[in-house]
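A short write-up of the structure that comes next.
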Amino acid sequence: MLKVDKLNFSYGDMQVIWDLDLVVNAGEIVTVVGANGAGKSTTLRNISRLVKWQSGSISFNDADLAKFEPHEVVEMGIVQVPEGRKIFPEMTVIENLRMGSFIKSARPKRDENIDRVFTMFPRLKEREKQLGGTMSGGEQQMLAIARGLMTNPKLILLDEPSLGLAPLMVKFIFDIIQEINRQGVTVLLVEQNVYQSLRIAHRAYVLETGRVVMTGVGEELLNNDHVKKAFLGM
Amino acid sequence: PVKIGFINSITGPEAPIGENLTNGVTMAIEDLKKKGVEVQLMKEDDTGKPQISMSAMEKLAGQGVAGVVGPYTSACANAVSKLAEKYKVPLLVPAAAKEEITRQGLKYVYRLNAPADKYASSLIDAALVMGKPKTIAFIYENTDFGTSTVKTAKEYIAKKGIKMVADESYSKGSPDYRSTLSKIKGQNPDLVFMVSYVADAILLMRQSREIGLQPQAFLGGGAGFTTVQFAKETTISNNVFSTTQWTDDVSWPGAKDFFNRYKAKFGKEPTYHAACAYQAMLIMGETASKNGGDREKTKAGLKSGSWKGIMGDTKFEDYDGFTNQNKHQMLVLQIQDGQFETVFPTNFASKKPIFPFPKWK
Amino acid sequence: MLVFMQSLISGILIGGVYALIGIGLTIIFGVMRVINFAHGDILMIGMYMTYSLFTFFGIDPFVSIVITIPLMFMFGAFLQKVFINRMQGALPQNQILLTIGLGMIMSNTMMLAFTSDYKILSTDYSSSSIKLAGISISTPLAISFLITAAITAMLYWFLLKTDTGQAIRATAQDREAAQLMGINVKWMSILAFGMGSALAGTAGALISPTYYIFPQIGSTFTLKAFVITVLGGMGSIVGATIGGVIIGIAESVSAVYISSGWKDVVVFVLFLLVLLFKPAGLMGKSRM
Amino acid sequence: MKPAISIIRSSAGASPVAIALGLAVLAGLFLFPQFVQSPYALHIMILIFLSVIMGEAWNVIGGYTGQYSVGHAAYFGAGAYTTMILLQYKQISPWYGALAGIAVSLVVSLIIGSICFRLRGPYFVLASIAVAEIMRLSAMNLKDLTNGAEGILITEIPHLKFGDTLITDFLTKVPFYYIGLVIAIVTILVTWLMQNSKLGYYFQAIREDQDAAHSLGISLSLFKSSALAISAVFTSLAGSFYAIYIGFIDPPTVLALDISVQIVLICIIGGIGTIWGPVVGALVLVPLSEALRSNMIAQGIFKIGLASEESGVGIFLKEHLSHAHALIYGILVVVVILFMPDGVLGWAKKLAAKKGKE
Amino acid sequence: MTPILEIKQVSKFFGGLAANSDVSFHMDEGMIMGLIGPNGAGKTTLFNCITGYYPPSKGDVLFKGQKLNGLQPDRVCKLGMVRTWQKVRPLTKLSVLDNVMVGALCRTNSLKVAREIAHEQLKVVRLDHKADFIAGGLPIGERKKLEVARALATKPELLLLDEVMGGLNPAESDEIIQLILDIKKAGAITQMVIEHDMKAIMRISDRIVVLNSGEKLAEGSPAEIVSNPEVVRAYLGDFHA
Ligand SMILES: Nc1ncnc2c1ncn2[C@@H]1O[C@H](COP(=O)(O)OP(=O)(O)OP(=O)(O)O)[C@@H](O)[C@H]1O
Ligand SMILES: Nc1ncnc2c1ncn2[C@@H]1O[C@H](COP(=O)(O)OP(=O)(O)OP(=O)(O)O)[C@@H](O)[C@H]1O
Ligand SMILES: [Mg+2]
Ligand SMILES: [Mg+2]
């Protein structure tokens, strides 16, 4: 479904992604783990076209993403829930959600989708009229995920959805990810909570300083000595 | 050819007026040429800023000009006048109104136009001849020209026993004078004395009519009230008095001809600024070339000479604390049927004044 | 009392036009976070456009807004695409300077094209007025007030009720997030700058019959626009409307009861007081 | 990631060559009036000094502390007006007048600071403009004190005497040249000292992140006010110097928004937050605007024979370029901002770095 | 011995919302206090109240026996209490070393001394190899370390760390945990730590305070806290240490 091929990217003079290859098949949960600054977020930002890579290619359902602007990528069915949530702070919860279905293809299903995410996150329904900026961290994260789902994505890119969340909430978020995957959405997940993310992933990639150093089935990697040592601190 | 400097506000906020001076000078140069006087004009833009004006003067002094005409604004003329004295460059100020310019005892600084105090006194004198006004209201733009004119006017009415009932200055670019005018209307003054450039002059009169402000006379003490553009707005401009340094229908030699040629050349009517600048350049050009471009001789020539031209009789004299000041005769005009008519002084008058101001329709 | 009512009414009428100027700026600031020092100059261009349409084609100023609005929109869009866009995310002082530079270019270009003469646009209704219980209401100002009210209502509806309007607001709040929602932020910026310019141009058109036109007129309006926008709360349409009317009234009333020389001081003091005691502006929600 | 070209320590180890070069330039500047008598040249130099002083002064608050004041005309005008009022109406020598001007500016800066420093970002910019405008309008309206729009004209500058010996009567430009030069050097020195002290670090910390700075023991109100005060002192001095040098002031020439903008321009064109930025800015802007104003471009074209003065093109150039100089200036500002976002100095550094790499 | 920090019935309201209500506890010198609670429980707000960033709506904060109410953050820092930011705030355009120097200048007026202190602290957090790098270009983990080094450079007696491990993987967190323990071992600095990573909090804390909806839900030793059913329900879920 998504194919990243020999991707190279640098911020100014500093190269942060080196010949990166990555494949996500339809229906999968694929997770990317890696140390700080390994280039995980940067990879996602490239897929969403927020930054422009120097060489290599990314294709989605065989379409070359290099030809598209960020908003067109969303129209193709890729949505990202970014690092730091990026809620529209001065819009209410419902307005934030409505923005999620801004693209034409999502508009007809807007009301239906709002009902769907409200049943998924009853908390959001309670806070329908609250301004996004005043929500607590966890609520904002829920809102960000819900807003992402409003697009009816084929592929959802999640960048550290559990960052700064309380343990109860972390568990809940991972349940949600599995739930939306079951509903047919492909997931590319970037996480520091290595244990949880490898547990739910079908496949996983390990990134180190912008390179893929390992790939395999989630459970397998969980038992890999290198992974254990480098990421699980065991 | 003889080198003559010309400092003017070609760009910047004063540019709208400056343009008239430039045109006047352009015509003067042509006319000098016809008379066989070759002038190499060194034009300098001071953008209306004194320090830039000084730069220009420094530069001109260094380039060996025989004399300088300009600058237009009082602020610039002030700053430049001292430099002229320092470098011993004859400076002929064509149109700046501030009195001090020729009151500093500077030997190299000459002024053609009448200074600010004459604006007020000639208008008020005219009003006193026509009726017995007891009260006056001032409304004027808070520029150097506006404030200094009104300042002298206040001194003058005190002497004549007229009471000031309103003193309102405004900054250019406030489109709505209705409140101020209503306030003045409440005081019911006999005279309304205004100092404004043309655009504000039109707005002030338009809104006076709206409000129904009805004094015995509207006195326009400044540039705007003497423009053709103002006169064309007959619904509001008729019967307004104004005073000016120059008008085309005055009996000064060549005035009408200048008016016609200027209009043909630039497509608009000359203002008094244009006439002043024209005459100043003529005087400077002739004197300088007669003296072979020598500054000292030019200076002496300006002092001793006398001219007859579109500005009437011109002579630079020392009197009442002024030095090298032309005793220029101000004219009082009234717009009658959309035309400027000279109504005072009587020896130049083309029509009798209409007084008091007829009821607004 | 009559004098007070007169000044109040005049203030409200002028305030309507101010509101339009403020709304234009608020949209530009709201979306682009660009402090647009060229706003007054854009208005000035609108005035010249109206003037030209009137003198060369005899089109009535109020009718001509049908032409002015789209033209000014395109002008604003052009500015955004060619210049402002490159400044997105640049240091604020550079943005300020860029717009100052653009303003200089605009006013000086107009000076070359039209000379720096004051232009006055005299229509047959320029100095006509309606009398109401002893208070005179300028006809052209009354007309422009009505037009302003209509435009404001339309904009309000557009920004709050349509998806595109919401997308403009979203872009203002977080560009990157907006992109991730499938919003074409470049287009939104163009739309916003275009709309802002069109509004400034319209304001220029509306005051043309009662005002005068010269190339340097912009800066007065730029400052006024800032005051109005901040007073109302940046990014708030309702705020800008209220801000405009308040400034109009403050100027008009203080001209009567203090003096016309001090009226602008009153306005700036009012501005500072609002910044100090209600830093979010009268209608704003939060600041920074 | 690249190692930082740390702004703070740029002057830590000046090479002997640079020092020697600097001394030579300094000596040259002091000897300049000995060799160049042209008052025009001296005048331009004086204007450059003025710009350097104003630019450096603004740099302290705008460049280092990150508070973009667009209201510096307030201090310029305060200095100018105080000096002129004292000189003209109270016959107090401008030397003391300038000190009084500084005192007034300090008070103004405290007031402005207490109002504006609570605000951040664009709000600070706008508030600073508002305060300067209030000052301008007040100067316009307080006619008894300031003579309103008519401005103040000085008739005579008191001679500078040391004991009974006359040092200068201020009749030529030379004394002004030296006064300007000395103030400019002092301003640069003070900036340098500031940059290499705790103050410099604190100012920059405030610029980068006010909240973080606050939590690290930096009193925001104290240090922002200090930065503004330093800035105000030198801007005020520049104002006093300007007033005495020109001999005439009125609200539009010393208190207008235009002046504030000009001050910012010097800094940003040169390079913000660096010692030499404002110097470069002044060196670029003053001669450039002078050249544009006096139509040197057209004259240059005639000189090198690209067009003759009498030809149609020549007349066009002569007539229109002189009207268009403000337009060209505006275009240049836009071009610099678009293509040299770090100012001329930053651009030159980048260019040099590129050359170095090749 | 007076506790180094004493919090007495501190409340903070934002409009109608009570972000903290009647929170009281105290800390002894040299200890590490863990502060946990669900999202939006009021942990960061409490830090803000303690360090003078917000004045508390009610209640008192006592540092070394002295009331801090209304004191600005810079004064609080001078008194010896410093915090790090949940959302890191490097002085982006300055070098790493300069960042830490700004902190060090809190205690000295000499740049030379400050530079020495800064180098020292960078060594402590093992960031000295990046001293000359621009702070804005560091990846999150190193930014967090920088945040700690800069705080340490102010020579605090009480250090408040707000989620310095957030966004780090377990191995990276270990490094920070070790750092916190080292600081404790050195003895001079008392620490309060907000963290959602329960493993970490269990390892480092001497005592733990749990906030929930702005109120103190529980206080006790790590062992007491994980077995407290209310804490488990509100915060931990089925976490097992
Ligand atoms: N805007 C930027 N400018 C310069 N360098 C950047 C920028 N953003 C990220 N980097 C650098 O790029 C590298 C990769 O960053 P990225 O954010 O992709 O890492 P990550 O794997 O997502 O790490 P984390 O776990 O911290 O989120 C890091 O070294 C980082 O410092
Ligand atoms: N400035 C503010 N205005 C209004 N509400 C606020 C403000 N700051 C915080 N809050 C609210 O106060 C509550 C406590 O926030 P706080 O940031 O202290 O939570 P926290 O415990 O640090 O959470 P997290 O674990 O997500 O960091 C939240 O519900 C938040 O929405
Ligand atoms: Mg990341
Ligand atoms: Mg928190």
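Worth knowing before you read on, the calculation uses all heavy atoms, side chains too, and leaves out hydrogens, waters and symmetry mates. Here the structure is a predicted model, which is why all the values come from computation and not from measurement. Order of the sequence lines fixes the chain letters, A, B, ..., with proteins taken first and strands second; residue numbering starts at 1 for each chain.
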Examine the side chains of C/Ser10 and B/Ser179 and answer whether a donor and an acceptor come within less than 3.5 Å of each other.
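The answer is no; no qualifying pair exists.
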Given heavy-atom pairs under 4.5 angstrom as the criterion, report whether the side chain, backbone, both or neither of C/Leu121 touches chain B.
backbone
Portion of C/Ile213 that has a non-hydrogen atom of chain B nearer than 4.5 angstrom:
neither
Return the minimal non-hydrogen interatomic distance between C/Leu141 and B/Arg178, and the atom names on each side.
CD1-NH1, 3.6 Å
Set of side chain to side chain donor-acceptor pair (under 3.5 Å) partners for C/Thr202, sequence neighbours left out:
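C/Thr202: no side chain to side chain donor-acceptor pair (under 3.5 Å) contacts found.
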Among C/Ser7, C/Ser260, C/Gly11, the residue with the most heavy-atom pairs under 4.5 Å to chain B is C/Ser260
If you count heavy-atom pairs under 4.5 Å with chain C, which of B/Gln229, B/Arg209, B/Lys268, B/Glu19 comes out on top?
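With the most close heavy-atom pairs to chain C, the winner is B/Glu19.
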Between B/Ala199, B/Gly212, B/Ala166, B/Gly186, which residue shows the highest count of heavy-atom pairs closer than 4.5 Å to chain C?
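If we count pairs closer than 4.5 Å to chain C, B/Ala199 comes out on top.
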Measuring heavy-atom distances to chain C, does [X] have an atom under 4.5 Å in its side chain, in its backbone, in both, or in neither?
X: B/Ile202; result: side chain
X: B/Lys185; result: neither
X: B/Glu210; result: both

Could you tell me if the side chain of C/Ile120 sits less than 4.5 Å from the side chain of B/Lys232, heavy atoms only?
no
Please name all residues satisfying side chain to side chain contact (heavy atoms under 4.5 Å, CB included) with B/Ile157, sequence neighbours left out, ordered by chain then number.
B/Ile124, B/Ile136, B/Phe138, B/Ile162, B/Met164
Going from [atom1] on [X] to [atom2] on [Y], what distance comes out if it is rounded to the nearest 0.5 angstrom?
X: C/Ser138; Y: B/Gln207; atom1: OG; atom2: CD; value: 7.5 Å
X: C/Thr210; Y: B/Arg206; atom1: OG1; atom2: CZ; value: 8.0 Å
X: C/Phe4; Y: B/Ser182; atom1: CZ; atom2: OG; value: 12.5 Å

